[in-house]
**Student:** 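Before I ask anything, let me first share the structure, which is written out below as structure tokens.
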Amino acid sequence: MAAPRGGGSCFVLGASGATGRELLRELCAQRPFSRVTVIGRRQLSLPEESGVAVAVVDFERLGEHADAFRGHDVGFCCLGTTRSKAGADGFVRVDRDYVAQAAELARAGGCKHFVLQSSQSANERSRFLYLRVKGEVEKLVEAVDFDRCTILRPAMLLCARQEFRPAEWIMQRLLGFSARFFPTAYTVPVETVARAMVASVLQPSGEKVEVLENKAIHQLGKTVPQPCT
């Protein structure tokens, strides 16, 4: 798939989350696509000059919203919740089931490249629910058989959350300190992840399925895409 250069279209799932907000900001700044659509469960307040369209969908009835996924070249997925917020069943439904169904609808609608935010150490055989679900959704998205699939596995995200998560706040500070000595091992700024997601589209790797671990995300996030023409 040729990289878009100010043409084509994309959609973003999970634009209200930490990575999704940065991704949307990056897309608006770089303008690699002529059309950007945010697909979510509620209307977002976006500047009119951003040119970003919003499609409001009911994720429990996602199959009824196939039109929202139709006609996009690239799909970015940052969709996710937490077990503490949604419970174990809710976490599985959002992070695995919603994402897998969205990927299927996107492929049916003509999407060629799907970019998925996963997690470091994702493994469908893990005894930890979070890592197991992330590993399962990776396999489900791969099975959709996009022309190209990019999976990012970031470590602990360094960001300012809209909601306070005490355990994550403590870990961010502990691992943030270690990042001074091991900058690509345990953490990654959310802005770097967003830039890497966009760069992965602008700089094709030639691989049908590519998995970017934390160090690769750091490296790709530092690259500067060529100006759109």
**Student:** Is the closest basic N to carboxylate O distance between Arg93 and Glu60 below 4.0 Å?
**Tutor:**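 Here Arg93 pairs with Glu60 in a salt bridge, since their nearest N and O are under 4.0 Å apart.
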**Student:** For His65 and Val56: C-alpha separation, side-chain torsions, deciding distance, then whether side chain to side chain contact (heavy atoms under 4.5 Å, CB included) applies.
**Tutor:** CA-CA 9 Å; His65 301 281; Val56 178; over 6 Å; no
**Student:** Kindly indicate, with the supporting measurements, whether the criterion side chain to side chain contact (heavy atoms under 4.5 Å, CB included) is fulfilled by Val211 and Arg153.
**Tutor:** CA-CA 7 Å; Val211 178; Arg153 292 178 175 169; 3.6 Å; yes
**Student:** Rounded to the nearest 0.5 Å, what's the gap from CG on Asp95 to CD on Glu136? Could you check?
**Tutor:**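 Asp95 atom CG to Glu136 atom CD measures 11.0 Å (nearest 0.5 Å).
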**Student:** How close do Cys10 and Leu27 get, heavy atom to heavy atom, and via which atoms?
**Tutor:**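 Minimum heavy-atom separation between Cys10 and Leu27: SG-CD1, 4.1 Å.
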**Student:** Over all heavy atoms of both residues, which pair between Val137 and Ala100 is shortest? Give the atoms and the distance, please.
**Tutor:**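 Looks like CG2-N, 4.4 Å.
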**Student:** Could you tell me whether Glu210 and Arg148 have a side-chain N and a carboxylate O separated by less than 4.0 Å?
**Tutor:**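 Salt bridge between Glu210 and Arg148, a charged N being under 4.0 Å from a carboxylate O: yes.
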**Student:** Roughly how far apart are Leu152 CG and Cys77 SG, rounded to 0.5 Å?
**Tutor:** 11.5 Å
**Student:** Looking at every heavy atom in both Glu26 and Ala194, which two are closest together, and how far apart are they?
**Tutor:** CG-O, 4.5 Å
**Student:** Is there a chain of hydrophobic side chains (I, L, V, M, F, W, Y, each step under 4.5 Å between heavy atoms) that links Leu79 to Phe69?
**Tutor:** yes
**Student:** Taking Leu140 as the starting point, is it possible to reach Val94 by hopping between hydrophobic residues whose side chains are less than 4.5 Å apart?
**Tutor:**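 No, separate clusters.
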**Student:** With sequence neighbours excluded, tell me which residues meet salt bridge (Lys or Arg N to Asp or Glu O under 4.0 Å) with Arg35.
**Tutor:**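 For Arg35 there are no salt bridge (Lys or Arg N to Asp or Glu O under 4.0 Å) partners, ignoring immediate neighbours.
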**Student:** Is there side-chain contact between Val141 and Arg96, with heavy atoms separated by less than 4.5 Å?
**Tutor:** no
**Student:** So, the side chain of Thr37 versus the backbone of Ala68: is there a donor-acceptor pair under 3.5 Å, distance only?
**Tutor:** no
**Student:** Is the closest side-chain heavy-atom distance between Val193 and Ile217 below 4.5 Å?
**Tutor:**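 When only atoms from C-beta onward are counted, Ile217 and Val193 do touch, with a gap below 4.5 Å.
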**Student:** Quick check: are there more than 12 heavy atoms from other residues, nucleotides or ligands sitting under 6.0 Å from CZ of Arg83?
**Tutor:**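 No - once you tally the heavy atoms of other residues, nucleotides and ligands closer than 6.0 Å, there are 12 at most.
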**Student:** Can you tell me how the ring of Phe59 sits relative to the ring of Tyr98, calling it parallel under 30°, perpendicular over 60° and tilted otherwise?
**Tutor:**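 Ring orientation, 0 to 90° scale: parallel.
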**Student:** Would you say the side chains of Thr192 and His218 form a donor-acceptor pair under 3.5 Å?
**Tutor:**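 No, no side-chain donor-acceptor pair sits under 3.5 Å.
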**Student:** How many angstroms lie between CG in Asn214 and CD in Gln120, if you round to the nearest 0.5 Å?
**Tutor:** 5.5 Å
**Student:** Calculate, to the nearest 0.5 Å, the distance between atoms OG1 and CD belonging to Thr19 and Gln117 respectively.
**Tutor:** 3.5 Å
**Student:** Is any side-chain heavy atom of Val99 less than 4.5 Å from a side-chain heavy atom of Leu13?
**Tutor:**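 No; the side chains remain at least 4.5 Å from each other.
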**Student:** Which heavy atom in Leu62 sits nearest to a heavy atom in Leu105, and how many Å separate them?
**Tutor:**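 That closest heavy-atom pairing would be O-CD1, 3.5 Å.
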**Student:** Assess the residue pair Val12 and Ile39 against the criterion (side chain to side chain contact (heavy atoms under 4.5 Å, CB included)); give the C-alpha distance rounded to whole Å, side-chain angles, the decisive distance to 0.1 Å, and a yes or no.
**Tutor:** CA-CA 6 Å; Val12 178; Ile39 301 176; over 6 Å; no
**Student:** When rounded to the nearest 0.5 angstrom, what distance separates CE in Met156 from OG1 in Thr187?
**Tutor:**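 These two atoms lie 9.0 Å from each other.
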**Student:** Does Asp89 CG have over 12 foreign heavy atoms under 6.0 Å away?
**Tutor:**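 Check fails, neighbour count at 12 or below.
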**Student:** Which atom pair, heavy atoms only, marks the closest approach of Arg21 to Ser16?
**Tutor:**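 That would be NH1-O, 2.7 Å.
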**Student:** Taking all atoms of both residues into account, what is the closest heavy-atom pair of Gln101 and Gly63, and its distance?
**Tutor:** NE2-N, 3.3 Å
**Student:** Could you tell me whether Arg25 and Glu22 have a side-chain N and a carboxylate O separated by less than 4.0 Å?
**Tutor:** yes
**Student:** Anything under 30° is parallel, anything over 60° is perpendicular, the rest tilted; go ahead and classify Phe11 against His72.
**Tutor:** perpendicular
**Student:** Linking I/L/V/M/F/W/Y whenever their side-chain heavy atoms sit closer than 4.5 Å, directly or via other members, would Leu24 and Val57 fall into one cluster?
**Tutor:**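 Result: no, two separate clusters.
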**Student:** Does one hydrophobic cluster hold both Val115 and Val198, with members joined at side-chain heavy-atom distances below 4.5 Å?
**Tutor:**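 Linked within one cluster.
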**Student:** Is there a side chain to side chain contact (heavy atoms under 4.5 Å, CB included) between Val201 and Asp73? Walk through the geometry before answering.
**Tutor:** CA-CA 10 Å; Val201 176; Asp73 303 296; over 6 Å; no
**Student:** Hydrophobic clusters here meaning ILVMFWY residues chained together by side-chain heavy-atom distances under 4.5 Å, can you tell me if Ile151 and Leu202 are in one?
**Tutor:** no
**Student:** Above 12 or not: heavy atoms from other molecules or residues under 6.0 Å from NZ of Lys139?
**Tutor:**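 No, not enclosed.
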**Student:** Got a donor-acceptor contact below 3.5 angstrom from the Ser119 side chain to the Ala122 backbone?
**Tutor:**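 Checked: no pair found.
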**Student:** In terms of the angle between their ring planes, are Phe114 and Phe146 parallel, tilted or perpendicular, with boundaries placed at 30° and 60°?
**Tutor:**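 The arrangement is parallel - the two ring planes meet at less than 30°.
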**Student:** Any side-chain heavy atom of Leu44 within less than 4.5 Å of one from Val52?
**Tutor:** no
**Student:** Would you compute the distance between atom CG of Leu212 and atom CG of Leu220 and round it to the nearest 0.5 angstrom?
**Tutor:**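 Spacing of CG (Leu212) from CG (Leu220) equals 6.0 Å.
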